[in-house]
Amino acid sequence: MRVLNFNAGPATLPLPALELARDELLDFGGTGMSILEHSHRGKDYDAVHQEAKSLLRELYGVPSTHQILFLQGGASQLFAQVPMNFLPRGKSADFVVNGAWGEKALAEAKVVGEMLGGKARVAATTGQGDGKEKSYARVPTDAEIQPDPAAAYLHYTSNETIHGVEFHRVPSAGAAPLVCDMSSDFMWKKTDLSKYALVYAGAQKNVGPSGVVVVLAREDLVKEGRKDIPKIFQLRTAADNDSLYNTPPTFAIYLIRNVMRWVKAEGGLDAIEQRNREKAKAVYDALDAHAGFYELPVDRESRSVMNLVFRLPSEALEAEFLAEAKKRKMVGLKGHRSVGGMRASLYNAVPVEWAKALAELISDFAKQKG
Ligand code: PMP
């Protein structure tokens with residue numbers, strides 16, 4: 001009954017992670033109740049919390065210098081919470097902007113700066129056009145990034161989910177601590193996390209359901225964070241209390257545990273990365289093979305492995321394409337409402353066969369209509 005789900009997030013979850021949740025739903029581990037009904041202070045939930053964290057640390061290679069936090073409010077809340085914590089009075093933070101999410105992070109930092117006496121500055125942007133909706137076709141080069149040597153931190157978005165623009169390198173931040181919104185390309189490949197002072201990611205793409213944000217935070221940075229903001233927004237509150245200061249999103253964290261078990265069973269990130277590259281190649285190859293028909297708005301070097309965006313020659317053909325996709329049990333291919341076109345999200349839980357089926361649809365459709 002399950003469809004081929006290419007949604008951008010919430011996205012498809014690994015079937016074994018869902019099946020385990022189903023099997024355990026009414027009676028978790030012989031306790032006579034659901035994990036949904038367990039106290040977040042009890043030993044049964046604590047085992048889940050610790051397993052989710054330790055598997056994530058092991059599989060993603062999170063350095064011992066970094067704490068793993070589970071927060072709420074979405075990655076959008078972190079847009080405000082990061083400057084609240086790490087933008088001191090009289091200082092400035094740098095932003096690299098190559099898509100809509102980076103714009104939002106910058107806008108929130110400006111508001112926080114106004115409130116709390118800091119500044120947000122653009123260190124590089126690749127936005128084109130003067131209108132409200134800018135277009136983005138690539139990430140900036142290191143030469144284009146002009147970091148402020150005194151910046152409190154440099155923030156960037158490693159993968160722009162809407163525009164399908166991804167960094168395939170770690171941008172140069174100068175001396176500033178590097179902060180990254182990794183929401184839509186978290187944990188799809190091996191990553192040297194020691195380069196980052198702070199990483200945050202909404203779970204609903206690669207690691208779980210919505211309702212929880214995973215944060216990897218260097219302990220020394222968290223300790224230096226501002227104390228003149230509400231306690232609930234200080235990252236040290238979560239860090240000092242193992243993300244259990246107040247009631248965490250227990251079921252979402254439980255599902256992260258299930259997804260982590262699946263990643264491990266699949267052979268870890270080496271296997272996942274290889275599969276992700278194979279999936280993206282299959283779809284991009286099909287699009288490139290019919291380049292006169294499909295338009296790929298993103299420069300080759302910045303093409304996202306997670307969110308593949310493309311257009312057809314007309315909106316009428318796009319509607320027909322979506323109808324044909326539906327016939328083949330494919331959903332979630334419509335581009336974000338702000339940019340239109342098509343978008344296929346090929347997160348970790350999307351099997352290679354789905355990507356191949358999509359590549360086939362892309363070829364068939366171009367041959368028929370091109
Ligand atoms: N950053 C990126 C890169 C995203 O893709 C998204 C959501 N699609 C967000 C931030 C916002 O996340 P949330 O909806 O969890 O606030």
Side-chain angles (χ1 to χ4, degrees), residues 2-9 11-15 98-99 135-139 158-168 184-185 188-189 205-206 266 269-370:
R2 287 177 59 81
V3 294
L4 286 68
N5 176 357
F6 297 101
N7 272 321
T12 191
L13 284 162
L15 192 56
N98 43 270
S135 70
Y136 294 90
R138 62 180 183 88
V139 302
S158 50
N159 183 62
E160 282 287 352
T161 324
I162 294 174
H163 293 91
V165 169
E166 186 171 17
F167 268 97
H168 295 292
S184 51
D185 69 344
W188 74 264
K189 63 173 193 297
K205 290 113 176 8
N206 267 336
E266 292 298 296
L269 280 195
D270 283 334
I272 296 274
E273 174 174 353
Q274 195 189 2
R275 207 187 292 169
N276 283 333
R277 292 196 188 278
E278 187 185 342
K279 287 167 356 192
K281 184 174 182 329
V283 175
Y284 280 127
D285 281 354
L287 291 165
D288 284 334
H290 302 281
F293 186 71
Y294 297 105
E295 184 201 338
L296 284 97
V298 179
D299 290 3
R300 195 171 283 270
E301 321 77 68
S302 297
R303 283 181 180 176
S304 174
V305 175
M306 296 284 102
N307 312 101
L308 290 67
V309 300
F310 56 97
R311 290 169 182 284
L312 283 87
S314 69
E315 282 186 19
L317 280 168
E318 288 180 347
E320 271 189 60
F321 181 88
L322 289 175
E324 180 55 34
K326 199 172 168 196
K327 279 193 204 147
R328 301 185 188 202
K329 287 177 64 180
M330 297 177 189
V331 302
L333 289 168
K334 203 169 170 28
H336 190 269
R337 60 188 185 282
S338 63
V339 295
M342 301 290 128
R343 170 175 57 176
S345 297
L346 305 180
Y347 299 124
N348 291 353
V350 170
V352 174
E353 302 77 64
W354 293 10
K356 291 201 169 142
L358 175 60
E360 201 175 299
L361 165 65
I362 287 167
S363 305
D364 291 352
F365 197 82
K367 281 182 204 146
Q368 244 181 55
K369 310 278 176 181

V339 and V309: CA distance, side-chain angles, deciding distance, side chain to side chain contact (heavy atoms under 4.5 Å, CB included) verdict: CA-CA 10 Å; V339 295; V309 300; 5.9 Å; no

Mind checking whether H163 and N98 have side chains closer than 4.5 Å, heavy atoms only? no

Please tell me if the side chains of L358 and L4 come closer than 4.5 Å, counting only heavy atoms from C-beta onward.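 Side chain of L358 against side chain of L4, heavy atoms only: no contact under 4.5 Å found.
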
Enter the distance from [X]:[atom1] to [Y]:[atom2] here, rounded to the nearest 0.5 Å.
X	Y	atom1	atom2	value
S158	H168	OG	NE2	10.5 Å
N276	L269	CG	CG	9.0 Å
K367	H290	NZ	NE2	5.5 Å
E315	E318	CD	CD	6.0 Å
L361	L333	CG	CG	7.5 Å
R311	L287	CZ	CG	13.0 Å

If you apply the rule side chain to side chain contact (heavy atoms under 4.5 Å, CB included), what do you find for M306 with N206, and how did you get there? CA-CA 9 Å; M306 296 284 102; N206 267 336; 3.5 Å; yes

Any chance you could lay out the side chain to side chain contact (heavy atoms under 4.5 Å, CB included) test for E160 and S304, step after step, and finish with the verdict? CA-CA 8 Å; E160 282 287 352; S304 174; over 6 Å; no

For K334, does the NZ atom have more than 12 heavy-atom neighbours from other residues, nucleotides or ligands under 6.0 Å away?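 Count not over threshold, so no.
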
With a cut-off of 6.0 Å (strictly less than), are more than 12 heavy atoms of other residues, nucleotides or ligands near CD of E295?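 Yes, CD of E295 has more than 12 neighbouring heavy atoms, counting only those of other groups under 6.0 Å.
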
Name all pairs fulfilling the ring pair (Phe, Tyr, Trp, His ring centres under 6.0 Å) condition that reach into residues 306-336, sequence neighbours left out, sorted by first residue then second. Y294-F310, F310-F321, F321-F365

Heavy-atom pair with the smallest gap, counting every atom of [X] and [Y]:
X	Y	result
L312	M342	CD1-CG, 3.7 Å
Y347	G9	CE1-N, 4.4 Å
P297	A137	O-CB, 3.3 Å
W354	T12	CH2-OG1, 3.7 Å
A355	V283	O-CG2, 3.6 Å
A8	S345	CA-OG, 3.3 Å

Between [X] and [Y], is there a donor-acceptor pair closer than 3.5 Å when you use the side chain of the first and the backbone of the second?
X	Y	value
E166	V305	yes
K369	L317	no
S302	V139	yes

Run the numbers on L296 and Y284 for side chain to side chain contact (heavy atoms under 4.5 Å, CB included), then give the verdict. CA-CA 9 Å; L296 284 97; Y284 280 127; 3.7 Å; yes

Pick out which of R277, K205, R275 makes a side chain to side chain contact (heavy atoms under 4.5 Å, CB included) with W188.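 The single option meeting the side chain to side chain contact (heavy atoms under 4.5 Å, CB included) with W188 is R277.
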
Between I162, N7, L308, which is the residue that forms a side chain to side chain contact (heavy atoms under 4.5 Å, CB included) with R343? I162

Tell me whether E353 is salt-bridged to K356, with the criterion being a basic N under 4.0 Å from an acidic carboxylate O. no

